[in-house]
Amino acid sequence: MDNDSLKARILEIVPEAQQEENKQYLTILVPAAKLHDLALKMKSTTDLAFDYLICLSGVDYGKQLAVVYHINSILQKHTVVIKVKTDDRINPSFDTVSDIWRTAEFHEREAYDMFGIRFNNHPDLRRIFLEEDWKGYPLRKDYVDEVNIVEF
Amino acid sequence: MTFNIYDFTSFNRWIDEGLNSIMSPTWALITEMAIIGIVFLLFYAIVGLFLVYAERKVCAFMQNRVGPNRVGPYGIFQTIADFIKLLMKELVYIKDSDKLLFNIAPFIVIIASFMALSAVPFAKGLHAIDFDIGILYVIAVSSLGVVGILLAGWSSNNKYSLIGAMRSGAQIVSYELSVGLSLLTIIVLAGTMQFSEIVEMQRNGWFIFKGHIPAIIAFIVFLIASTAETNRGPFDLAEAESELTAGFHTEYSGIKFAFFFLAEYMNMFLVASIAATVFWGGWMPFHVSGWAGFNTIMDYIPPLVWYFGKTAFIIWLMMLFKWTFPRLRIDQLLTLEWKYLLPINLVNILFMAFLVLMHWHF
Amino acid sequence: MTNNQFMFLVFSVVIVVFSLLTVTSRRILRAATFLLFVLVSTSGLYFLLRFNFLAAIQLTLYAGGIVVLIIFSILLTSHISEKLAVPPVTKRIYAAIAAIAGAVLCILTILQTQFVQKTLDPARVHIRTIGEGMLSTGKYGYALPFEVISVLLLAAMIGSIILAKKRKD
Amino acid sequence: MKEKDFRDNETLELFKRSGGNVLMTSIDAVIDWGRSNSVWPLTFATSCCGIEMMATGASRHDFARFGIEVYRASPRQADVIVVAGTIVNKMAPVLKRLYDQMSEPRYVIAMGACAVSGGPFYYNSYHVVRGVDQIIPVDVYIPGCPPRPEALLYGIMQLQRKIKLETITRPEESMIMGRK
Amino acid sequence: MSAESLILFFIVGAFLVGIALLFSSLVPPTSTNSQKAEAYECGIPTEGITWLQFNVGYYLFAIIFLVFDVETVFIFPWAIMMKSMGMTAFIEIIIFFFVLGVGLLYAWKKGALKWE
Amino acid sequence: MKEIINLPVSKIEEEEYHINMGPQHPSTHGVLRLLVSLQGEIVKSLKPHCGYIHRGIEKMCEKDTYPQVIHLTDRMDYLSAHINNHAVCLLVEKALEIEVPERVKYIRTIMDELTRIQSHQLWWSSFGMDLGGLTCFFYGLRDREMILDIWEETTGSRFLQSYNCPGGVMQDIHPNFQKKVHAFIKTFKKKIKDYDRILSGNVIFENRSQGVGILSKEDAISYGVTGPSGRGSGWSCDIRKIEPYSMYGQVHFNEVLRYECDTYSRYMVRMQEMHESMNIIEQLIDNIPAGDHSAKMKAVIKLPAGEYFQRVESARGELDVYVVSDGNKTPYRMKFRTPSFTNLGVLDHISRGMKIADLVAIGASLDLVIPDIDR
Amino acid sequence: MFEGVPVHWFLVLATTMFFIGIYGFLVRKNLITMLMSLELILNSVCINFVAFNKILFPEHLEGMFFTLFIIAVAAAEASVAIAIIINIYRRLVNIDVEKMNEMKY
Amino acid sequence: MNSFFRYFSDIFHGVKSLLIGMSVTGRYFFSPGQIVTQQYPENRKNLQMFERFKGEVIMLHDINNQHRCNGCGICENNCPNGSIEIISARITGEDGKSKRIIDKHIYHLGMCTFCGLCVKNCPSNALGFGNEFEHAVFDRSKLNKVLNQPGSSIIKGVE
Ligand code: SF4
Ligand code: SF4
Ligand code: SF4
C-alpha cells in the first residue's frame, strides 16, 4: 500500500491523527489515548497487517516526551512511523503495546529506563540497564549527574 | 644376581631376601612396604604431572598450537610450576560449608585412585598386589571415588557444586555397571580375574584378537564407559564449564582443587592401564602364533615399554575423544548408558559365553 | 602381638569409633560418611581373613552402592545447614542403658563359651572355590539361591520403581 | 626477551626498593618461578577486549605457551583476573566481589583503554567506571583498544617479572608493590 | 601381603593429601574480607539457601544401579567358572540374565530410564 | 504400603529454585545475567538482567559529531563493527543526499561480508565451546585470524577499525587486499568442511540441538527476532534483500532460510550464510572500480533537521539507526535498534521447559553479543 | 584360630557394633539415620558369620555365602527402604518418624 | 520392528559421525606442519607489523628533531574521547610578531581508541601511527606521553 492510502486508512481509525513531515516514511502523530486501539487494529486488519514492530524509541523533544514506533508489515511491505507525545514530564505514561508485539516489552523497558516513560499494563516494567535505585533518566535532555558524568 | 628388565620376579625375591637377611622379618616387611609406598608415591606424582602435561601438549597439537613451551625444554616443567603454584595458594573456606566433609572429599578421591593403582601389573613381577580377584578389586575400590565427589558437591554449600555432584554421582554409578560388565566379558573368556594370569594367558594372542567380535565390542564399550566414569569429556557434565562454572569443585582452591584434578588424570591412567592389561595384553609383547622369529624380536622389547606404549595409546584415544566431541546432555548421557551400552553389554556377555562354550575363540 | 592381632585391633577400633559417631553425629551426611568408614574397615577385616572376594563385594555393594544410595537420598532430602534434632535426654539414657545392658550380657555369654577352633587354615579361599560353590547344585551348592537372588532383585527393582516413579496425580 | 627491552623498568626498580631490599632466597626463587609460570586466568571478559583475549588464547598466539591456557571459571582457582573490557557502575560490585573471592596470591591485569582509564567512555558517560584501579588494585596496565594479542602477551610477561619480585618471608612487603 | 599392603596404600594416599593440605593451609599468604567466604555464584550474592529442590531423576538411577550392581557382582563367580563348567553354567546364566532382562525391560517400559 | 502410596501429595516437586547464570559466566559470552528458575534441571522461566555493560552510548552520541560517533558504534557490536559503521554512514549520506563513489560501495560491501564471516566464525567457535567441543573454539579463531590480517593490512586495526567514515572510507584498500581475500576464500572453503565434519554432522551435536529451543515464525516476528535466528524460523527478514543498500541490490545471493525452527536450524543458517557471504565477495572482489575512496565532504557535517532511519543487516540481525537531528553537528537523539537486544527478548520464551544444558545451546544459537544489548 | 586372633575378639566386636546399631535405631528419629543404624546391625551379623566360617569351619564356605546373600538382600532392602523414604518425603516433606505420625491423621 | 532397526542404524550412524569427527582432530594432531602459532617473544626480532598498524599515535619528527605541529588544536577537537591535550605557548618570532607554537602535545595512550581522526584531520600532517605495541606498564601515569620530543621545534614553513 502506498503512503497516501495508508494515511487514509489510519485516519479512518483515528481521525485525530496528524501527519508529520518526513522524507522517508509516513509519519503520523496520534493522541496517546488512541494508541493501543490503533496498534491493535493495525496488526489485526488484513490489508494493514503491521505484524513487525521494528523499533520503539523514546525521544525527548525538550518540552515533550515522545515515543516513536517504526512498524512494518512483512506481507504488505509497507512501513509507517507512529508517534505519540506527552507534555507531562513528571509522570509521562502511554499504553503498552507489548501485548500486540512482544518485542515491545524490552523496548518499553528501555524507554522507561532512559526517559522515565511509564507504560500502562506492561507486564514487567522495571529498569532494564541501570540499577533499580538509579536516580533520574539519563537520556532526558535535562538530566544532570555531577557524580558520574565528566563533561568533555 | 642379574637384573633382568624382562622379568622382575627375581629382582623382587632378591630385595626380599636381602632385606630379610639383614633385619627381622617384621622390620623387613615394614621396610619393604616403605619402599613400595615411596615408589608408588613417586610414580603417582610423576604420572600425574606427566599426564597433565601430555594432555596439554596433545590438545595443543590437535588445535594447531604448540602448547606449553617456555618452562624447560618443550615446556616439560610446566606442570611442576603449576604444582608449586597450587601448593602455594591460599585455601579458601566457605561460610556454612561442612568443613570436615569439605576436607575429607579430596582424601577419598585420591585414596580411591591410589589404592586401585596398587593392583596394576606393570611388568612381569612388577606389581604391588596380585589378587585373585584383581579386576573386581579395582572396580570395588574405584567405586568409592564417587563418594568423594558427592561429598565435595554437597559440603561446598554452592548450587553449582550440588548440581554438579548430583550429575556426576548419577553418571559415575551408571557407567560403573558398563565398566564392570565389559570387563566381565573378558573374564568369561579368560576364566580368571587375576591380572597376572590374565596377562599370562595372552602370551599367544591378546584378548582383543582372541575374542574377536565380542571382545572388540566389549573394548569399545569399556572405552566409552570408562571415559564417562572418569568424568572426562565428552562426559564432563559434572564440571561442565559452560553450564556450571566448575561443577562440584567450584569452591575448591589451591592444592585441594589440584587433588581433584590429579585424581581425574590418575583415574584416566588407571582405566587405560586396565584396558591395556585386559584387552591388549598388558606388558605382553605382540605375538603371532607360528611366527617364531617375529615373536623373539618382539620379546626383545622390554615389557615396560609395551605396557606404557599401550597405555599411552589408550590415553591418547581418550584425549582424542575429549578434544573432539561436544558434551552430552544429562538425559542423553543416561540414555546412552541404560538404553544402549547396558543392553548391548548383556547380550555381548551371552555372546561371549556362547563363544567360549563352542570354543570359537582362537 | 602378631601382625594379625594388631591389624584386627586397628580395624576394630576404627569400626567401633565410627559406628558410635554414625549414631551420634548430628549432621546427617557426616553420619553417612562415618558409616562408609565403618563399612570400608569391615571390608578390611574381611581382607584380613583372606576372604578377598567377600571383601571386594562388601566394598562394591555396601560402600560403593548402598552408601552412595543413602548419600543420594540425603542430598535429596536435607539441606546443608540442617542439623538433626537432639533426642531427649531420657530417651537417650534409656536407649543407652538398654544397649549397654544387652551388649554386656552378650559379651559375657560369648566370653564364657568355648568354641572349638580349628587350626586347619586353608591358605586362602580361591575365587574358583566360590564359583564352584555358587554354581553347583549339590550339597554346599548355591545354584538355587543364586537364581533366587535374581528374582529377589527383580522384585526389589519393580517395587522401588513403583514407589519412586513420579505419578501424575 | 632481555630485561632492557622491557618498558617501565623504573617502576619495577621502585618496587624492588620499596620492598625494603628483602633478600631473595632460593626458596623464593623457586616459588616465584612456579607462580610466574602458571598464572591461570579467570574467564572474565566484558566486551571487545575479551575477544582479543580469546584470540590470544587461540592457536595463532597461544597463551598456552606461557602455561596460561588453564582458564578457570571459578575465582577460587584463578590467579589472575584479566579485566578485559569496560567496567560499568553496575558491574563494579560484581568485579569487586569476584576479586575478593579469589584466593591469594591474586593479580589483576587491566587490559584495554576501558580498564585502564575508561577509554572511549571517559567523557560524557554516566555509567562507566573510569579505570578499574578505582575498584581493585591493578598490577599491570595494557593500553590499546583493544590491545593486540602480542600486547597482552607482553603484559603477561610484565606481570611475570613483577611476580618474580615477591618473597614469602615477608609477604606484607611484596604486597606493597602497587597495592594498598 | 594383601590386607597389610592395602593399609599401606591407604596410608600413603592419606599421607600425600594430608601433608599437602597441612602445608598449604599454613604457608601460603592469606587474606580475609567480607566476601571471600561467601558462596560463589557468578559474582552475585546467592539467593536463599543452597537447596536443590527435590529431583527424583537422579535418584531413580541410583536405585536401579544398586540392583544391577548386585547382579553384576554375582556374575563374577560365574564368569570365572564359565570356561570350566560349560553347559550348566551357560544355562544358569541364561536364566539369570532372563530375569535381569525382564527387570531392565520393565524399567524401560515404566519410563524409569528416562531422565526427567 | 497402601497408605504410603496414597499419602497426600505435597508440592515439593513443583517447587522452584533460582540460580544465577552470569554476570561472570562462561556461557553468557560476557556479562549478561540470567536469573533462571529451575525445577530440577528444567528451566521454568528466566529473567535476563542486562546492563552490566551499559555504557550509555546513545547519550554519548548526542555529544559527539557524526564522524566521532563511528568509534562508538564500533564498540557496540564489536563483532560486526564494519556493519555498524556502515549504518551510521549510510544514514548520514542519505540525510545529506550524498552519492558515494562506486568504489566505496564495493569496499563497504566486501568489508561487511568479511565481517559477517568473521562474526559467524567466532560464533561457531563459541557455540562449539559452549557445547563442550573445545577444539571448535580453536579452529574457528584460527581461521578468523586470516580475516583479521586482511583488515589489519588495510585499516590498521584488527577488528575495531573505525574504517568507514561519512562519505566513504578512511583509507583506500591496501594493494594486497584482493590477493589476500582470494587466498582467504580458497583456504576457508576447505576449512569450513572441517567445521561440518567436527560439529555439524556429529551425532552428539545433532541430539543436543535438534528440537531444542523451538521458535515459531509467528513468535519470531512478534518478538522481532531477526537475522540468522529469525531466518532459522523461516522468516525472510534479510534487510539486504528487503531494502538493499550499497552493492546488495546488484549481487546475486540467496537468502538462507530454514524451517525447522530449532537450534539446529539456526546453526545451519549461519553455516550456509558463510558460504553465501563468500559467494558475494567473489562476485565483487575482482570488479572493484577505480575511483576515490571517499566522497567530498564538508569539514563539519551537519544533518538538516529532521528524522532519519536506516536499516542494515548486521551479522546478528537487523540493525537500525534512528536519528533525530536539529540541524547541529551533533545528533539530537540517536537510537540504535540492535539485533541482540531484541533477540534476547525471546530467550525466556523459547527456553522454557528445556534443560539447563539446552539453555546454553539456545543462548549460543541466538548469538548474543552483550555490549550490543546494553549499548 | 586365625593366626592368633581368637574368635571371641570377633564376636565382641560384632556385639558392640550390633548394640551401637540398636542404640542408634532407638534414638534416631530420622528415617535415613535409622536405616543407617540398621546397616550397622546387618554388618555386625556379617562379621559374625565370616568369623565363624573362617575360624570354626574353615573347610566349608557357608558363612561366607550367607554373608554374600545377606549383602545382596541388604542391598535390595536398602533400595526399597529408600524408595519408601523418598516417597514419604515427597508427600510429607519430612522424614521424621514422630512428625510423620502427627501428619498422618 | 521398525524402531528395532532404527535402534541399530542410529548406533551405526552415530559411531560413523564420531569417527569422522575424530579423523579431523587426529589429522591435525599428526600434521604439526599446520601449526599456526607465532611464538611472540621469541620472534620479536622479525615480527613485522603491517605498515598501517595503529599501535600508538606519534608525532613525526625528522632527523633534525623537527616536527610539523603548529599547535592548532584541531586534533584535540577531533578526538572523540579527549586523548589529546594541546598546551601551546606564545613566542615572539623573528619578525617580532607573537605567535602560537606547541609547548606540549600531550597524548593519553591509556585512553586512545585509535580511531584515526586526529591523524586524518591534522592540517599539517604532523601526526602518524607508530607500530609499537609493547606498552604494558606497572604505573598508569607512564601512559601519558608528550608527543613532541624534548627540544624539538617546528619545521620552517609549515605554519
Ligand atoms: S578498551 Fe576498547 S576494545 Fe577494549 S573494551 Fe574498551 S572499547 Fe572495547
Ligand atoms: S598535531 Fe596537527 S592538528 Fe594537532 S595541534 Fe598539531 S598541527 Fe594541529
Ligand atoms: S586516534 Fe582517535 S582517540 Fe586516539 S588520539 Fe587520535 S583522535 Fe583521539
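Per chain, numbering begins at 1; letters A, B, ... match sequence-line order. The structure displayed is predicted, hence computed values, not measured ones.
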Option in H/Met22, H/Arg27, H/Lys16 with maximal non-hydrogen atom pairs under 4.5 Å from chain F: H/Arg27
Could you check which of [options] has the highest count of heavy-atom pairs closer than 4.5 Å to chain H?
options                                : answer
F/Leu199, F/Thr155, F/Asp149, F/Asp196 : F/Asp149
F/Glu206, F/His71, F/Lys193, F/Glu145  : F/His71
F/Gln171, F/Gln161, F/Glu153, F/Arg197 : F/Glu153

Sidechain N-carboxylate O distance under 4.0 Å for H/Lys145, H/Glu56: yes
Basic-acidic side-chain contact under 4.0 Å: F/Arg108, F/Glu93: yes
Side-chain donor-acceptor contact under 3.5 Å, F/Trp124 with F/Tyr139: no
Flag for F/Asp77-F/Asn84: side-chain donor and acceptor within less than 3.5 Å: no
side-chain hydrogen bond (donor to acceptor under 3.5 Å, both in side chains) partner of F/Asn85, chosen from F/Asp74, F/Asn164, F/Thr115: F/Asp74
Mutual orientation of the aromatic rings belonging to F/His120 and F/Trp123 [parallel < 30°, tilted 30-60°, perpendicular > 60°]: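 If you compare the ring of F/His120 with that of F/Trp123, the planes turn out perpendicular.
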Mutual orientation of the aromatic rings belonging to F/Phe188 and F/Tyr195 [parallel < 30°, tilted 30-60°, perpendicular > 60°]: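 Perpendicular: the ring planes of F/Phe188 and F/Tyr195 meet at over 60°.
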Sub-6.0 Å ring centroid separation between H/Phe8 and H/Phe4: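 Judged by ring-centre distance (under 6.0 Å), H/Phe8 and H/Phe4 do meet the cut-off.
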Ring centre gap for F/Phe127 and F/Phe205 strictly below 6.0 Å: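 Close enough - the centres of the two rings lie under 6.0 Å apart.
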Residue F/Thr135 versus chain H: region with a heavy atom under 4.5 Å: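 Answer is side chain: those atoms of F/Thr135 sit under 4.5 Å from chain H.
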Interface moiety of F/Arg75 toward chain H, non-hydrogen atoms closer than 4.5 Å: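 Side chain only.
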Close contacts, residues 105-113 of chain H versus chain F, judged by heavy atoms under 4.5 Å: H/Thr113
